[in-house]
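Letters go in sequence order (proteins before strands), and every chain restarts at 1.
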Amino acid sequence: MHLLIFFKKVPKTIPKTVMAKDFSTREENYAQWYNDIVIKADLAENSAVRGCMVIKPYGYAIWEKMQATLDKMFKDTGHSNAYFPLFIPKSFFSKEAAHVEGFAKECAVVTHYRLKNSPDGKGVVVDETAKLEEELIIRPTSETIIWDTYRNWIQSYRDLPVLVNQWANVVRWEMRTRLFLRTTEFLWQEGHTAHSTKEEAIEETMKILDIYATFAEEWMAMPVIKGLKSPNERFAGAVDTYCIEALMQDGKALQAGTSHFLGQNFAKAFDVKYLTKENKLEHVWATSWGVSTRLMGALVMAHSDDNGLVLPPKLAPIQVVIVPIYRKPEQLQAISEVAEKIKKALQDKGISVKYDDRDTHKPGWKFAEYEFKGVPVRLAIGPRDLENGTVEIARRDTLEKETYQMTDIENKVEHLLDQIQDNIYQKAFSFREENTFKVDTWDEFKDRVEKGGFVLAHWDGTSETEIKIKVETKATIRAIPIDGKKEAGKCIYTGNPSSELVIFAKAY
RNA sequence: CGGGGUAUAGCGUAGUCCGGUCAGCGCGCCUGCUUUGGGAGCAGGAGGUCGUAGGUUCAAAUCCUACUACCCCGACCA
C-alpha cells in the first residue's frame, strides 16, 4: 500500500554525536534526563513560588489538546462542566472522616483577608485585625464543597443522575515536588456524579475508567493497566478506587488517572437524600474521577529518548514543521511558495503545520530544536528539492529521513503521522511486556522489584502484608488488574492462599 | 520536618582553604561582514552592589554570625 512506496530507500539516521548537547541521557541520570526535557523542550519551568510551576506556551498547548479531547469524551457521555470555588470552609472538611484524615496534612489554609503597610516601612504585613471568622482551605479536591452544594440540587429521583465535571486547579502541600509529576498546585479535571442506585454509580466509575484508558492508549500512545487499588492506596473517602497505571522507562509505575466509587459516604456526610418513585427517602450514590497535569509527565516519560521529547502526533501542538534551506533571498522566496502550498494542503487535512522561515536561525539549528521539542514530522525543502520536485521528510520517533517526490505529499504525511502514532504505542507496549514479570518466590520478588518493572505476584489480600512488603522493598500494589485471570496461589510474602495476581512496583 | 549540600551576568561555572590588579571563562545576547542540505566563522560590544542583613579588618566574593532561597537523600503524596 501507500507506505511501501513511501519508505523505499534505506533510511539514514542522524549520528548521535551531533545531537542533544548539554543533555543528560536516561542511562546516566534518569531524573535529570526528565528535568532536562521538561525545561529544554519548553514545557514548563520552576516558578518563584516553591513547588509551583509555570507551564510554558508549548507545554500548555499539549495540555490544551489533552483537555479538548477528554472534554469531548466527557460530554459525549452526558457530562456537563461547572465550576466550584477554590476555597472550602474548614468545617466542611471534617464531615467525612476518612477524607479529612487523608488530606488534612497537605492543606493550605487562608486565615486573613487583608494586608497593611509594615510598621517599619518595608513592604506589607498581614493585618491581624482582618482575621477570618472561619478559615478557608484551598481545595486539594472538591468533594466536600460539591456535596454540600448537591444537597440543594437533589430532592427527587427525577433530579438524578447529576453528571458534572470541572476543570480546575487544586493545591496539595507536598514535601517534595517535581515538574508535572508532583507540584504543589496542579491543573486537573474532577468529575463528581450522583446516582440513584449503587449499580449505576459503579457503572459510571467503570465508564470513566474506560475513557481514561482509551485516552491514554489512543491519544497518548501509552499502554495502561486498568485496575482496582488496594485499601492502602484507596482515595480518602472512597469505597473503591480504580486506576489506570502506566510503566515508565525507568521501570517505575505511574498512576495516570483514578476513578472512585464513593458509595454513600459523601451523601451521608453531607446529608444528600432523594425521594424514590416509591416515596422513600434514600441517600444518593456517588463517584468522583480525575486526571491531572501529571499526564504531561507521563507523556514525557513514556516516549522520549536521549535526543529529547517525542510526542504522539495526536497531541503534538505542531505535527509538521517545514524548514526552508537557502542561500539567497530569491531561493527563499521560491521555496516559500512551495512550502506555503504544502502547508495549506496539510492544514486542509486538519494537520497542524508550522513553516519556520525565520532567517535568524540556521537550518541545522532548527532541526535540532524541533527534534528536541518532539515535533513528529519535519519537512526540509532546499534548492535541490525545487529542481527535483522533492522534499526531505524526517520522522522524530525513529530519526529516519528520506527524500520523496512532492506529489501527493499531504497524503504521505498524513499516513506517516498515523504510522508514528502507532509505532510509539507499539514501542511503549513492547517495553511494558518486556518489563512485566510473574514471580513465585520472595527472593525472586525482591530481586525483580529492585530491578524495576511490573511484578505480578500473589498477595493474601491484607493491608498488613502490603505494608510489610512496602517497608521491605519499597514496592506497593499498583493495581489489582480488572481483567486479570483468577488463579489460585500462595501469597508471595506470607504463603497464605490468594485467588489472583496483583501488580507490584515501585511508583512515582 | 530530619540529614547533607549549594548560592558569583539570562544559563553553566572559576576564584573561597591561604583577605589585597579576582571579578574571570563558556554558552546565550547585541552590531557588522562572510555564511545557510545537521546546533556557522571572524571582528567588535553590552551585561554582575559575588543570595540578604550584620560583624571582624586599613582592606571581604574570600573570615565570623544570623537569616532566606534552592538542590539532593529520607518521611508524605496524583
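- Between A:Arg178 atom CZ and B:G74 atom P the separation is 12 Å, expressed in whole Å.
- Remark: B:A23 base-pairs with no nucleotide; criterion is Watson-Crick or G-U wobble with both hydrogen-bond distances under 3.5 Å.
- A:Thr183 comes within 4.0 angstrom of a base, heavy atoms only.
- Taking atom C1' in both B:C17 and B:C1, one finds a spacing of 33 Å when rounded to whole Å.
- A centroid separation of less than 6.0 Å is found between the aromatic rings of A:His79 and A:Trp289.
- The gap from the P atom of B:C64 to that of B:A75 amounts to 34 Å, rounded to the nearest Å.
- Each of A:Gly51 and A:Thr184 was assigned the nucleotide of RNA chain B with the nearest heavy atom; the assignment lying further toward the 5' end belongs to A:Gly51.
- Considering only side-chain atoms of A:Asn46, the nucleotide from B:G37, B:G38, B:C71 that sits closest is B:C71.
- Of the listed nucleotides (B:G37, B:G74, B:G38), B:G37 has the atom at the smallest distance from the side chain of A:Asp385.
- Counting non-hydrogen atoms under 4.0 angstrom, A:Phe186 reaches a base of the nucleic acid.
- Heavy atoms of A:Leu181 sit under 4.0 angstrom from at least one base atom.
- For A:Trp365, taking side-chain heavy atoms from C-beta onward, the closest of the listed nucleotides B:G37, B:G39, B:U35 is B:G39.
- A:Tyr326 has its OH atom 14 Å from the C1' atom of B:A40, to the nearest Å.
- The aromatic ring centres of A:Phe367 and A:Trp365 sit 6.0 Å or more apart.
- Atom pair A:Gln32:CD and B:C70:P shows a separation of 18 Å (rounding to whole Å applied).
- Here B:G39 is the nucleotide among B:U35, B:C70, B:G39 with the atom lying nearest to any side-chain atom of A:Glu369.
- Here B:G47 sits opposite no nucleotide as a Watson-Crick or G-U wobble pair (both hydrogen-bonding atom distances under 3.5 Å).
- Taking atom P in both B:A66 and B:U21, one finds a spacing of 29 Å when rounded to whole Å.
- Heavy atoms of A:Glu174 sit under 4.0 angstrom from at least one base atom.
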For residues 353-360 of chain A, please give each side-chain donor-acceptor pair under 3.5 Å, one per line with the distance, not counting sequence neighbours.
{"unit_1": "A:Lys354", "atom_1": "NZ", "unit_2": "A:Tyr370", "atom_2": "OH", "d": "3.3"}
{"unit_1": "A:Tyr355", "atom_1": "OH", "unit_2": "A:Ser336", "atom_2": "OG", "d": "2.7"}
{"unit_1": "A:Asp356", "atom_1": "OD1", "unit_2": "A:Arg358", "atom_2": "N", "d": "3.2"}
{"unit_1": "A:Asp356", "atom_1": "OD1", "unit_2": "A:Arg358", "atom_2": "NE", "d": "2.9"}
{"unit_1": "A:Asp356", "atom_1": "OD2", "unit_2": "A:Arg358", "atom_2": "NE", "d": "3.4"}
{"unit_1": "A:Asp356", "atom_1": "OD2", "unit_2": "A:Arg358", "atom_2": "NH2", "d": "2.8"}
{"unit_1": "A:Asp356", "atom_1": "OD2", "unit_2": "A:Tyr370", "atom_2": "OH", "d": "2.5"}
{"unit_1": "A:Asp359", "atom_1": "OD1", "unit_2": "A:Tyr326", "atom_2": "OH", "d": "2.5"}

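- Less than 6.0 angstrom separates the ring centroid of A:Phe266 from the ring centroid of A:His99.
- A donor N or O paired with an acceptor N or O is found under 3.5 Å between the base of B:G38 and the side-chain atoms of A:Lys401.
- Across every strand in view, B:A60 sits unpaired, with no contact that passes the Watson-Crick or G-U test at under 3.5 angstrom.
- Of the candidate nucleotides B:U36, B:C76, B:G38, B:C76 has the atom lying nearest to any side-chain atom of A:Lys105.
- Pair assignment for B:G28 gives none, since no Watson-Crick or G-U wobble pairing has each distance under 3.5 Å.
- Distance check on atom C1': B:G4 versus B:G10 gives 29 Å, rounded to whole Å.
- A salt bridge links A:Glu233 with A:Arg478; the closest basic N to acidic carboxylate O contact falls under 4.0 Å.
- Judged by the 6.0 Å distance and 45° axis criteria, A:Lys229 is not positioned over the aromatic ring of A:Tyr242.
- B:A60 and B:C70 have their P atoms separated by 30 Å, with the value rounded to a whole Å.
- A pairwise comparison of heavy atoms in A:Thr205 and A:Ser259 identifies O-OG, 2.8 Å as the closest pair.
- In this structure, CZ of A:Arg50 is placed 11 Å from P of B:C72, rounded to the nearest angstrom.
- Regarding A:His361, its NE2 atom lies at a distance of 7 Å from the P atom of B:C29, rounded to whole Å.
- Between A:Arg327 and B:U36 there is a side-chain polar atom (N or O) within less than 4.0 angstrom of OP1 or OP2.
- Nearest-nucleotide mapping onto RNA chain B: of A:Lys474 and A:Ser47, the residue sitting toward the 5' end is A:Ser47.
- Here the P atom of nucleotide B:G39 and the CD atom of A:Glu371 are 12 Å apart, to the nearest Å.
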Let me see the working for A:Asp408 and A:Lys412 under salt bridge (charged side-chain N to carboxylate O under 4.0 Å, His left out), right down to the final yes or no. CA-CA 7 Å; A:Asp408 203 29; A:Lys412 288 174 183 166; over 6 Å; no
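- Taking atom CG of residue A:Leu179 and atom C1' of nucleotide B:C72, one finds them 15 Å apart after rounding to whole Å.
- To the nearest angstrom, P of B:U35 lies 17 Å from CG of A:Leu332.
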Can you give me the N/O atom pairs linking the protein to nucleotides 1-7 of chain B at distances under 3.5 Å, or say none if there are none?
none

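- Judged purely by distance below 3.5 Å, without hydrogens or angles, the side chains of A:Thr390 and A:Asp385 pair a donor atom with an acceptor atom.
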